[in-house]
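Accompanying notes for the structure given below.
All values derive from a computational prediction rather than experimental measurement. Chain letters run A, B, ... following the sequence lines, proteins first, then strands; residues in each count from 1. Values reported hereafter were calculated over all heavy atoms of this structure, with side chains retained and with hydrogens, waters and symmetry mates removed.
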Amino acid sequence: MRRNLRPLRRLAQSVLKPPSLNRERAIGVSERLGALTTLNSSLEYLTQRKQTGTGGMNDWKIVRDAQGGSNPLLKKVLDGVSGRRTTTAIHLSRAAVAAALLMPGGQKWRGAANLYLSATGILTYPRHLYGTDGSDQVSLMVQGATGACRLVRSEEGKDALMWYLAVQSCFSYAVSGWVKLFGKSWRDGSALPGVMRTRTYGHPGMWSWTQKHPQAAKALTHGVLALECGFPLLYAFGGRLTRPVIGSVVLFHGANAYLMGLGRFFTAFTSMHPLVAYTAVPKTHPVGARRDDRVLPLVSAALAAAAAKAVVSAVQRRVGVIEGSPNSRTLTAGSGNSLQYEIHAEGGPGRPAVVFEAGLAATPEHFAWITGHLEADTDLGVISYARAGYNGSIRNVTGTYRLQESVTDLVDLVRATVGPDRKVILAGHSMGGEIARRAAPLLGEQLEGVVYLDSSHPGELERSPQQLEMSSKLRGMFTQMTWFLRTGTGSLLSRPVWVEELPAYARERAFAQYADSRLWTAAGREWDALEADFRGFKGDLPPTPGRGLVVSAQGTVDRDPEQLLMHDELGKAHLEGATSLVVEGASHDGILSKADHAVRAAQAIAAFATARTTTAPEAQQGTVK
Amino acid sequence: MNVAGTLRDAVRGPGAAWRLAGAALLATTIAAQHPHPLFNRVRMKDPLSIVPNWRFFAPHPAVHDSHLLYRTLSVDEETSEWIQLSLAPDRTLQHMVWFPDRRLGKAIFDVGDEILRNIGEGFPVVTRLPSYRTLGNYLRREIRETSDGTRVKGFQFAFARSTGYDMQEEAEMMFISPYTPMDPDTRPSQVS
């Protein structure tokens, strides 16, 4: 029996027919959908005017402070449009202009109207900082480009602008899809049920369905991923996939509007589709034949140039990191590791030398405020160094890393840099405190004491729920950072606050190490060892020779009372007694990076060193080598 | 035409300025989409948010509901129970096209996110953030508008998270603020 397949063939032909949208129609549909988004958005703001006054979620008197990095002129302009009455007037005018754009009108008028909506959208975005979303960004972008399209005379210029929006539309899906692949819940299919269970963006019926049909829910999650990642493929096969792909994403946005309450996203994102359809018209069609596609090679060239610059920057950064500071020196420890160190101050005769041990994923520059203060205001010897794998220190040991490797390296460093008759104070931050504590018994009579700067405690993973929770995230972060930096994207890292808080001379070197994959590789290796070592630690700390100085950050002990107990135990383990200090207002990193907190810590170290000098001056002999 | 010739042709003639500007903006857009939030150098230089962020629900979607709660201390030194503000109204079909309350819910989600991201810096830093001050003032107004608002001298607020319709997991407290006086000019102090 033969079936009549003609209707099916006809349906397939119509679905797979390449688009044939011309320029004028594409712009017209796009700007109307954009206008609908703006109309909706401005009416929303007009009904929520209470939020722009005192006590509102967007009170400009407060929100303007979020524009800290903006230049004064921009702040003035934003102040000008952000008064309550002005904001209301702007939204009234935006709603009126958007409504008018839904009607027919002249080319120039429509162009100016679109540009007005885009400009006011950009200027009011900071004013409504809390509560804006992606649909706002899309509409100001679409209106800027379609407005310019209306006013530009050359067809080539119009096509460049239309390609701009079409490529942004491809990015909007492809970037979202590919970045989702970095999230475990998207890969294992649990993301969709996870979102649907929330009252904010979910839906009870849909969530219930995902629970009854887990395999189908997983397939749907992966289907969404495939649709987003593969969106740009609509340009393949002579445009035959354009209609099915755009149709699928329209359905996707429709479902999001209903299930997630993202109605504005429907009109915002579909407003880019006419431009996609126009640019996907094949060259064999008269519309496609006349279209100017020359922006595409420029986009490819710009991306290639940016990638090349990023790789060159990464190589330069690595070379600078390995080279170290102009005053750095190198020694080979008994383990074979090559250690880069710096003697900041020789110190006075008979005065102790303080040797600093950095924390996990940290740099010797973290101690810059403290070493600078001790160098300028005391006659102590001051030495900092980088553990193997950090900065210019090379790890030559081939076996699995254990904390003991760093402990013996530290002892070798002390033996090589501090005269045998001179007393030594080990000062460690975070994990560096634990390495210092373990190195202390190995220094014998040479040890004066140990300074714990918001130090780790071997029992912290067992006793502190906060540390345990953080530990589950740290390893993943170290791995991700390593790979992102190895792929040359370090140029995209913004400077963290702690770098900007360091003394100016230390910032570049600290940031270079932070943006180099070696630091994160070393941190990952050390974390594995630390976690294996700390897990299962029970009981008391073994007695530690010498004196102890425990300096805690208030933020650390405030958030977790168990930390205060553990810091107390670090001090009590010292055979010659200990003193302690909580630096008010300091955080775990801020105790080193913020000048006032670090100087408090440095003063405490200086007093700690002096305390013994006054009681046992005969022990203070030797020099820093 | 070779690559150099193609590029030479693209940077000349009518529309060249638009092509160059478009290519530069598209490359900038890609540079601003890094999966890791620390790689946000481009975004930090974009105070007007002109460069779009296409990482919707990526790489980690929000799978929890945020809850904003507060409790008050009256002039008679009486502490109230924790009171939850409603942030996510029950969804209706109308929300497909008209959902102005979404803005307020999103705003409170945004300020909560900023506060939680900075909590490691400690209260002295967090309490100076625009998000924290915004929320403080928002709650002052909410409390004043309640029936016994005039008898309140201070409050504390908290962020909790829950799994929404999934009732199998307990709600979890994420952040509890220090005591905050109703008069913003009064120096806040911490309560245990």
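- The greatest number of non-hydrogen atom pairs below 4.5 Å with chain B, out of A:Thr556, A:Leu161, A:Leu492, A:Val295, is found for A:Leu492.
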Problem - A:Met141 vs B:Thr29, side chain to side chain contact (heavy atoms under 4.5 Å, CB included): CA-CA, chis, key distance, verdict - result: CA-CA 12 Å; A:Met141 188 179 72; B:Thr29 302; over 6 Å; no
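- For A:Val497, no part lies near chain B; criterion is any non-hydrogen pair under 4.5 Å.
- One finds the CG atom of A:Asn58 at 6.5 Å from the CZ atom of A:Arg127 (value rounded to the nearest 0.5 Å).
- Among the candidates A:Ser491, A:Ala191, A:Ala306, the residue making the largest number of heavy-atom pairs closer than 4.5 Å to chain B is A:Ser491.
- Looking at A:Ala310, neither its backbone nor its side chain comes within 4.5 Å of chain B, counting heavy atoms on both sides.
- Of the residues considered (A:Ser185, A:Ser172, A:Pro126, A:Pro297), A:Ser172 shows the highest number of contacts with chain B, using heavy-atom pairs under 4.5 Å.
- Atom CG of B:Leu26 and atom CG of A:Leu165 lie 9.0 Å apart (nearest 0.5 Å).
- Between chain A and the residues B:Gly136, B:Ala62, B:Pro35, B:Ser66, the largest count of heavy-atom pairs under 4.5 Å involves B:Pro35.
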Handout entry: Worked verdict on A:Glu156 versus B:Arg19 for side chain to side chain contact (heavy atoms under 4.5 Å, CB included)
Key = CA-CA 9 Å; A:Glu156 293 88 345; B:Arg19 286 192 291 279; 3.8 Å; yes
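- A search for ring pair (Phe, Tyr, Trp, His ring centres under 6.0 Å) contacts involving A:Tyr125 returns nothing, not counting sequence neighbours.
- Ranked by heavy-atom pairs under 4.5 Å with chain A, the first of B:Arg144, B:Arg55, B:Met96 is B:Met96.
- For chain B, no part of A:Asn256 is nearby; none of its heavy atoms comes within less than 4.5 Å.
- Using a 4.5 Å cut-off between heavy atoms, A:Gln48 touches chain B through its side chain atoms alone.
- A search for side-chain contact (heavy atoms from CB on, under 4.5 Å) contacts involving B:Ala32 returns B:Val42, B:Arg43, B:Val51, not counting sequence neighbours.
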